[in-house]
Visitor: 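One structure coming up, written as structure tokens, with questions to follow.
Both ligands and their constituent atoms are indexed starting at 1 by order of listing. Start at 1 with the first residue, then count along the sequence.
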Amino acid sequence: MSHRAIGIFDSGVGGLTVLQEVLQTLPDEELNYLGDTARVPYGTKSPSTVIRYSLEAAEFLCRHGAKALVVACNTASSVAVPALEDRFQVPVIGVIEPGALRAVTLSRSGRIGVIGTEATVTSGAYTQAIHRLRPDARVFSAICPLFVPLAEEGWVNHPVTRMVAEEYLAPLLEQKIDTLVLGCTHYPLLKPALRALVGEEVCLVDSAEETARALAGMLQNQELQRAEGPGGVQFFVTDVPDRFERVGGGFLGSALTQVQRVRLD
Ligand code: DGL
């Protein structure tokens, strides 16, 4: 079992931020990455639709022999993990629990901000996960839909991005948060603009980093770690690969090649 690949999925390119962390943390692993580019975005869709899409994505990865599933998409993680755990035998890791754990560890005051897509924030998944770990925490959330296209445009520290960030984060900063969870695959790219806005005192929690760490721990505990490298990545998308390759290269920091278009049905 340990020689098999880890299956990672996202609605599109965003999950490449998680993939990048996994590659750094677990260089010996084989990874299959699926971006559901034909149906992106997930963040504006209803929980039942996101659950259905997630089951189909996971089904594809399991057919390709996944030994574990990583739900890189925050939106899918916030609503679909229980359904995935019910349906599949392999361990499932989403980004919410690792991000929440990190936030609780870093926060001194217990005043924690969470930003994400409409579906993620509306689900309350981060708030619940934080409260399970620290019942007295105060969680303040904001939906930041424009961050996704801004990150894909590469406007990571553009004046427009800084203006949008100011608008979105003002209510959270008024609440004197000391920790901010970047609860969407795209937001780690905007760290320079966000850091400039929130200052050095507010801890930024990157769910991608924490998820890679949690995955490494889980593989070790379950003796699923691959004994020998080097590993590698295979990319699958549900629409034509061109845009994924172009935009994804910026997300991953290296060129994307050999991206295969697949059908999930
Ligand atoms: N990957 C999604 C997330 O992390 C953002 C893009 C989308 O809405 O599909 O929530």
Visitor: What distance separates L16 CG from H186 NE2, expressed to the nearest 0.5 Å?
Guide: 9.0 Å
Visitor: Not counting sequence neighbours, which residues clear side chain to side chain contact (heavy atoms under 4.5 Å, CB included) with R263? List them please.
Guide: D265
Visitor: Just to be sure I'm reading this right: ignoring hydrogens, which of T120, T17, V40, T185 gets closest to atom 4 (O) of ligand 1? Compare them by their nearest heavy atoms.
Guide: T185
Visitor: Cut-off 3.5 Å, no hydrogens considered: what does the side-chain donor-acceptor table look like for residues 195-208, sequence neighbours left out?
Guide:
| residue | atom | partner | partner atom | Å |
| --- | --- | --- | --- | --- |
| R195 | NH1 | G199 | O | 2.7 |
| R195 | NH1 | V202 | O | 2.7 |
| D206 | OD1 | A208 | N | 2.9 |
| D206 | OD2 | K191 | NZ | 3.1 |
| S207 | OG | Y126 | OH | 2.9 |

Visitor: What protein heavy atom sits nearest atom 6 (C) of ligand 1, and how far off is it?
Guide: S11 OG, 3.7 Å
Visitor: Answer side chain, backbone, both or neither: which part of N74 comes under 4.0 Å from ligand 1, heavy atoms only.
Guide: both
Visitor: Check ligand 1 against D10 and write out every atom of the ligand that is under 4.0 Å from a heavy-atom position of the residue.
Guide: 1 (N)
Visitor: Suppose we measure from atom 10 (O) of ligand 1 to each protein heavy atom; which comes out shortest, and what is that distance?
Guide: T75 OG1, 2.6 Å
Visitor: Out of G43, G15, G14, who is nearest to atom 8 (O) of ligand 1 when you count heavy atoms only?
Guide: G43
Visitor: If you take all heavy atoms of R63 and L264, which pair is closest and at what distance?
Guide: NH2-O, 4.2 Å
Visitor: Answer yes or no: does an N/O atom from H186 fall short of 3.5 Å to an N/O atom of ligand 1?
Guide: no
Visitor: Does L215 reach the side chain of T25, with side-chain heavy atoms less than 4.5 Å apart?
Guide: no
Visitor: Using the rule given for side chain to side chain contact (heavy atoms under 4.5 Å, CB included), can you reason through F9 versus F60, listing the C-alpha separation, both sets of side-chain angles and the distance that settles it, and then say yes or no?
Guide: CA-CA 10 Å; F9 76 89; F60 172 86; over 6 Å; no
Visitor: Which atoms of ligand 1 are found less than 4.0 Å from any heavy atom of Y42?
Guide: 7 (C), 8 (O), 9 (O)
